[in-house]
Amino acid sequence: MSKFEKKFSRYAIPNLSLYLIIAYIIGYAIQILSPEMYQLLMFDPYMIFHGQVWRIITWILMPPETLGVFTIIMLILYYQLGRGLEHTWGTYRYNVYMFSGLLFTVIGALVLYVVMLVLYSAGIMPDEITTQMLSYGIVSPGQFFGTFIGLFVSTYYINMSIFLAYAVTYPEEQLMLYFLVPIRIKWFGYLYGAYLIYDIIKAFKTGSFIVGITVTVLIFVSLLNFLIYVIFGRNRARFNPKQAKRRHEYKQSVRQAKPKTYENGARHKCVICGRTEIDDPNLTFRYCSKCSGNKEYCQDHLFTHEHH
């Protein structure tokens with residue numbers, strides 16, 4: 001990741017969350033003003049494989065929920081959470097997180113479409129599929145599966161991955177439930193996890209088996225970026241908000257600190273033992289990033305002192 005960041009970080013898009021919100025606004029406008037065009041922008045594997053390749057990208061314009069006051073509040077919340085993650089992780093890594101979620105969703109939906117076609121051709125799919133095709137007046141199984149999968153593909157769970165990542169990164173921060181009750185964000189994260197399980201169970205109980213499989217696969221691929229972050233990002237020292245704050249304050253103090261000269265003309269002095277480079281020219285001095293102020297320590301006390 002670090003090697004790619006050095007090479008491609010200049011291509012990262014700052015404030016990516018804002019552009020996602022703008023995409024939703026465009027999608028709402030198209031949905032209201034031109035429903036026919038809206039249908040042409042939706043994700044549909046069958047149409048993609050038949051030349052309408054723009055659908056691989058334009059489905060991002062499709063809003064995750066119907067427009068309402070609650071939706072507006074949630075979009076504002078996701079924007080703020082996304083900005084917080086971008087500030088902590090850096091623009092490049094936040095871009096990788098978001099675009100990988102979108103990419104995993106596209107790949108997962110296309111693979112699911114191909115698998116369904118293969119299983120149907122092999123006669124393994126339930127008989128209810130043929131009945132549903134006839135009821136909708138669709139003869140081609142490819143067209144049916146393409147439309148069927150397209151109904152479930154959205155950025156809803158990708159937005160949820162923003163919330164889950166924020167809950168892992170800032171577990172002790174508080175959100176105001178109904179603008180009144182403060183609750184730590186980690187508990188909302190647990191609630192989201194339970195809601196995901198509920199969504200899968202509901203899909204199997206209220207829909208057909210194929211609905212349950214489709215919902216399960218799309219939830220998994222949409223949240224795969226979050227799972228990768230949790231599993232392989234265990235060493236999140238540079239992502240830890242407290243560490244990020246300490247590094248920022250340390251860099252600021254180093255830049256702003258003016259060279260200090262002590263009584264004997266020395267420029268460096270250990271806070272613990274009081275020795276300077278005049279007393280011992282072989283001593284090495286360093287500032288401690290975990291201590292407040294510009295406290296300098298010699299090599300013997302840099303790693304053994306108590307942080308203040």
Could you go through Val153 and Met42, starting from their C-alpha distance and side-chain angles, then the distance that decides it, and tell me whether this counts as side chain to side chain contact (heavy atoms under 4.5 Å, CB included)?
CA-CA 9 Å; Val153 174; Met42 295 178 64; over 6 Å; no
Do Thr58 and Phe43 come close enough that some side-chain heavy atom pair is under 4.5 Å?
no
The reported gap from CZ in Arg275 to CG in Leu283 (rounded to nearest 0.5 angstrom) is 4.5 Å
Test item: Asn225 and Ile228 side chains (from C-beta on) under 4.5 Å apart, heavy atoms:
no
Using 0.5 Å steps for rounding, measure from the CD1 atom of Ile158 to the CG atom of Leu102.
4.0 Å
Residue pair Leu41 / Met62, side-chain heavy-atom distance below 4.5 Å
yes
Taking the side chain as every heavy atom from C-beta outward, state whether Met160 and Ile219 have any atom pair closer than 4.5 Å.
no
List the steps, then state whether side chain to side chain contact (heavy atoms under 4.5 Å, CB included) holds for Val211 with Phe152.
CA-CA 9 Å; Val211 172; Phe152 295 94; 3.9 Å; yes
When every non-hydrogen atom of Thr91 is compared with those of Ala12, the smallest separation belongs to CG2-CB, 3.7 Å
Between the side chains of Gln80 and Arg83, does any donor sit under 3.5 Å from an acceptor?
no
For Leu110 versus Pro45, what's the shortest heavy-atom pair and its separation?
CD2-CB, 3.9 Å
Carefully, step by step, assess Ile22 and Ile26 under the rule side chain to side chain contact (heavy atoms under 4.5 Å, CB included).
CA-CA 6 Å; Ile22 293 174; Ile26 295 173; 4.2 Å; yes
So which atom in Ile149 and which in Met116 form the shortest heavy-atom distance, rounded to 0.1 Å?
CD1-SD, 4.0 Å
Considering non-hydrogen atoms only, spot the tightest contact between Ala266 and Thr276 and give its length.
CB-CB, 3.5 Å
Nearest atoms (heavy-atom pairs only) where Pro63 meets Tyr28:
CB-CZ, 3.2 Å
Can you hop from Ile21 to Ile32 via hydrophobic side chains spaced under 4.5 Å?
no
When rounded to the nearest 0.5 angstrom, what is the spacing between CD1 in Ile278 and CZ in Arg267?
10.5 Å
Let me check something: do Leu81 and Leu18 share a hydrophobic cluster, defined by ILVMFWY side-chain heavy atoms less than 4.5 Å apart, either directly or through other members?
yes
Counting N and O atoms only, with roles assigned by atom type, does the side chain of Gln299 sit under 3.5 Å from a partner on the main chain of Thr284, one being a donor and the other an acceptor?
yes
So, taking the atom named CG in Leu117 and the one named CG in Leu112, what distance separates them when rounded to the nearest 0.5 Å?
10.0 Å
Only one of Val215, Thr214, Ile213 forms a side chain to side chain contact (heavy atoms under 4.5 Å, CB included) with Val217, so which one is it?
Ile213
Working to the nearest 0.5 angstrom, can you tell me the gap between Trp89 CH2 and Asn95 CG?
11.5 Å
Does Tyr190 belong to the same Ile/Leu/Val/Met/Phe/Trp/Tyr cluster as Tyr198, with side-chain heavy atoms less than 4.5 Å apart forming each link?
yes
Can you confirm whether more than 12 heavy atoms, excluding those of Ile57, are under 6.0 Å from its CD1 atom?
no
Establish whether Leu218 and Tyr156 are linked, either directly or via other cluster members, by ILVMFWY side-chain heavy-atom contacts under 4.5 Å.
yes
Close side-chain approach of Phe285 and Leu302, heavy atoms under 4.5 Å:
no
Are Val106 and Val221 close enough that some pair of their side-chain heavy atoms sits under 4.5 Å apart?
no
Less than 6.0 Å separating the ring centroids of Tyr192 and Phe163?
yes
Are Met47 and Thr147 close enough that some pair of their side-chain heavy atoms sits under 4.5 Å apart?
no
Ser34 side chain to Ile30 main-chain N or O, any donor-acceptor pair under 3.5 Å?
no
Minimum heavy-atom distance between His301 and His305, given as atom pair plus value:
O-ND1, 2.8 Å
Flag if over 12 foreign heavy atoms under 6.0 Å of NZ, Lys202
no
Applying side chain to side chain contact (heavy atoms under 4.5 Å, CB included), run through Thr105 and Trp59 and close with a yes or a no.
CA-CA 11 Å; Thr105 301; Trp59 70 275; 3.9 Å; yes
Looking only at side chains, do Tyr94 and Ser17 share a donor and an acceptor under 3.5 Å apart?
yes
Single-linkage hydrophobic cluster Leu61~Leu40, side-chain heavy atoms < 4.5 angstrom
no
If we ignore angles and hydrogens, is there a donor and acceptor under 3.5 Å between the side chains of Tyr157 and Asp199?
yes
Any Tyr297 side-chain heavy atom under 4.5 Å of Val271 side chain:
yes
Nearest-0.5 Å distance that lies between atom SG in Cys298 and atom CG in Asp279:
10.5 Å
Using a distance-only test with no angle check, is there a side-chain donor-acceptor pair under 3.5 angstrom linking Tyr24 and Thr155?
yes
Is the count of non-hydrogen atoms from other residues, nucleotides or ligands lying under 6.0 Å from Phe220 atom CZ greater than 12?
no
Students often mix this up, so state it plainly: with edges at 30° and 60°, are the rings of Tyr229 and Tyr97 parallel, tilted or perpendicular?
perpendicular
Do other residues, nucleotides or ligands put more than 12 heavy atoms under 6.0 Å from the CZ atom of Phe209?
no
